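Only one structure is covered here, and it is reproduced in the block below.
The shown structure was predicted, so the numbers you read here are calculated from the model rather than taken from an experiment. Numbers for residues simply follow the sequence, beginning at 1.
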Amino acid sequence: MGPHPTGAKRDRDRLRQEMTEAGCDLAQISVEMRTRFRLRPREAWRQAHGLTLQAAADRINDLGGSRRGVEVAADASLVAKWEKWPAPSGRRPSPRVLVMLAELYGCGVGDLLDFEDRTHLPPADRQLLEPGPAPASPAPVPAPAPVLAPEPVGGALVEAAADESAVWAMWAESTNVGDLSCEQLAADVRALARSYVAAGQPLRVFTDARRLRDKVFGLLEGHQHPRQTRELYVLAGYVCGLLAWISSDLDEPHQADTQGRVAWLCAELADHDGLRAWTLSTRSKVALWDGRMREAVTHARRGAAHRPPGTVGVLLACQEADVWARLGATGEAQEALHRVEEARAAQHGPDGDDIGGLFSCDTFRRVNYTTGVLLRTGGAAAARDEAAAALALPTRRAYGTEAQMRITLASAHVVLGQPEGALEALQPVLALTPEQRLAPVAARLRELAGDVARSPMAGSRATSHLQAAVENWCLDSAPRRIALPSGPLAGGVAD
């Protein structure tokens, strides 16, 4: 059956499936579960059936409810305690419970007990559960009805109720993740968000983000304090948002939408306005590059309505202005630019962003949007001057965002009849390696080539050279390489 598994759920599920397909019965599967994963016999039988703790509890309750006088009020934590006994954290199952478990799992009561269990059973319970001597006659006789232990009364009832509450309290206090682990996971999310905008390797960031998402999802399947659960949902949402953004940059809008919807679910479950806003910003970006302009506006406005802290309010207003400018709605674009300034004024602290990196909007990213809006609303000269000034500043910036601003600068030169200036502005973009040519940058370059073809410069030597360079650039881009069995990708972020 391959290498020795770790005992994780996927390993138990795989073992059960393989043994079932090989014709093994439940008894054989439970024995293998016990020996391979070192399970107690009661847990081994439950795993052989593929039942969760809560599913087993529900079926036990149904069995008890169908018979007068033997009702059982079980939950997942109580079933877990029965399975762990005689460990200190366990709870001894009564003879009645053992009989019901045996009926549920289709085995004998003795199959649910090992030697350690038997040595800890009270003599009276052992006497009730051990079968008597075999009858002399081989003729079948009806099995005797199980003898059930009486319910406690008086002081014993009060003591039993207190014990049950104490057991539940032990479960409520337990957690599968500590505060330090939550801090480390948050640091991992921040590192991925920074790595993606730092001209790293997008496919590797995607792979690392997927792995981190699986880790957080796995923790959420366990039990932790409500505060920790909320933190995990927030982190899961940001990681899914990152996966959505990268999927869009690699020209996979359908997959990006799926990740965006999961990120939104996490934001709702965590009731976290900051994550809601960043998720809607991501979904607006995905919709824009998929040609769903009205949907992009809707997402941007919904995100701004949450009035989140940090720079996401600035980015959402920028995104709305960008969409309106692309639609030719100059008035709406200008109104959105006013909201950009209002959002900047409403920021708390230097930035107020929880994650940073991709999930932040610094000055350079904002100017990239505003110059693009200026270009599309008749302000080519202002767009040229502001873009050139921003690019001249010695600041660190995401290369994808820089590429788009250089395209804006080149487009402004085209509008102003300056083909040489356009070629000069585009040189760093055209020099990007194929692995760094993300889908939004390719789309902007195609848009620029179309503008050139419709301009008075069409047919000139410089224009022909520019169009050929853009065509060759787009033929070998990151999304195209993703679909081919090529080497690892390297890249960054594109707005």
If only side-chain N and O atoms count, and only distance matters, is there a donor-acceptor pair under 3.5 Å linking [Y] with [X]?
{"X": "Y196", "Y": "D249", "result": "yes"}
{"X": "T20", "Y": "Q17", "result": "no"}
{"X": "T229", "Y": "Q224", "result": "yes"}
{"X": "Q319", "Y": "S281", "result": "yes"}
{"X": "T401", "Y": "N368", "result": "no"}

Distance in Å, [X] [atom1] paired with [Y] [atom2], rounded so as to fall on 0.5 Å steps:
{"X": "E471", "Y": "L445", "atom1": "CD", "atom2": "CG", "result": "12.5 Å"}
{"X": "E402", "Y": "L409", "atom1": "CD", "atom2": "CG", "result": "11.0 Å"}
{"X": "L432", "Y": "E435", "atom1": "CG", "atom2": "CD", "result": "10.5 Å"}
{"X": "L250", "Y": "E252", "atom1": "CG", "atom2": "CD", "result": "7.5 Å"}
{"X": "R446", "Y": "C474", "atom1": "CZ", "atom2": "SG", "result": "4.5 Å"}

Identify whether the distance between the nearest side-chain nitrogen and carboxylate oxygen of [X] and [Y] falls below 4.0 Å.
{"X": "D257", "Y": "R292", "value": "yes"}
{"X": "D13", "Y": "R16", "value": "yes"}
{"X": "R211", "Y": "D208", "value": "yes"}
{"X": "E268", "Y": "R276", "value": "yes"}
{"X": "E341", "Y": "R344", "value": "yes"}

- Just wondering, do R397 and L391 contact through their side chains at under 4.5 Å, heavy atoms?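 Yes - at least one pair of side-chain heavy atoms lies under 4.5 Å apart.
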- Side chains of F217 and L232: closer than 4.5 Å at any heavy-atom pair?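 Answer no - side chains too far apart.
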Result block: side-chain N/O donor-acceptor pairs under 3.5 angstrom for residues 177-191, not counting sequence neighbours:
unit_1 : atom_1 : unit_2 : atom_2 : d
D179   : OD1    : R227   : NH1    : 3.1
D179   : OD1    : R227   : NH2    : 3.3
D179   : OD1    : Q228   : NE2    : 3.2
Q184   : NE2    : D188   : OD1    : 2.9

Closest heavy-atom contact between [X] and [Y]?
{"X": "R14", "Y": "D11", "answer": "NH1-OD1, 3.0 Å"}
{"X": "A44", "Y": "S30", "answer": "CB-O, 3.4 Å"}
{"X": "C318", "Y": "R366", "answer": "SG-CG, 4.0 Å"}
{"X": "A412", "Y": "A380", "answer": "CB-O, 3.5 Å"}

Main-chain N/O of [Y] paired to [X] side chain as donor or acceptor, under 3.5 Å:
{"X": "Q427", "Y": "E424", "answer": "no"}
{"X": "Q28", "Y": "D25", "answer": "yes"}
{"X": "R365", "Y": "L358", "answer": "yes"}
{"X": "R230", "Y": "A270", "answer": "yes"}

- Which residues satisfy the ring-ring contact (aromatic ring centres under 6.0 Å, His included) test with H338, sequence neighbours excluded?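 Not a single residue meets the ring-ring contact (aromatic ring centres under 6.0 Å, His included) criterion with H338.
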- Message: Tell me whether R302 forms a cation-pi arrangement with W264, defined as NZ or CZ under 6.0 Å from the six-membered ring centre and within 45 degrees of its axis.
- Response: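 Yes, a cation-pi geometry.
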- Message: On the six-membered ring of W289, is R326 placed so that its NZ or CZ lies under 6.0 angstrom from the centre and within 45° of the ring axis?
- Response: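 Pair R326/W289 counts as cation-pi.
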- Message: If we check salt bridge (charged side-chain N to carboxylate O under 4.0 Å, His left out) with E83, which of these qualifies: R40, R46, R34?
- Response: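 Filter result, single survivor: R46.
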- Task: Enumerate the residue pairs fulfilling side-chain hydrogen bond (donor to acceptor under 3.5 Å, both in side chains) with a member in residues 374-391, sequence neighbours excluded, ordered by first and then second residue.
- Result: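 Sorted pair list: R376-E447.
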- Task: Would you please test T408 and R444 for side-chain hydrogen bond (donor to acceptor under 3.5 Å, both in side chains) and show each step?
- Result: CA-CA 9 Å; T408 295; R444 288 289 309 276; 2.9 Å; yes
- Given V216, L269, L265, the one that forms side-chain contact (heavy atoms from CB on, under 4.5 Å) with Y233: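 Exactly one option meets the side-chain contact (heavy atoms from CB on, under 4.5 Å) with Y233, and it is L269.
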- Start with the C-alpha gap between V323 and L327, add the side-chain angles, then the distance that decides, and say whether side chain to side chain contact (heavy atoms under 4.5 Å, CB included) holds. CA-CA 6 Å; V323 178; L327 291 172; 4.1 Å; yes
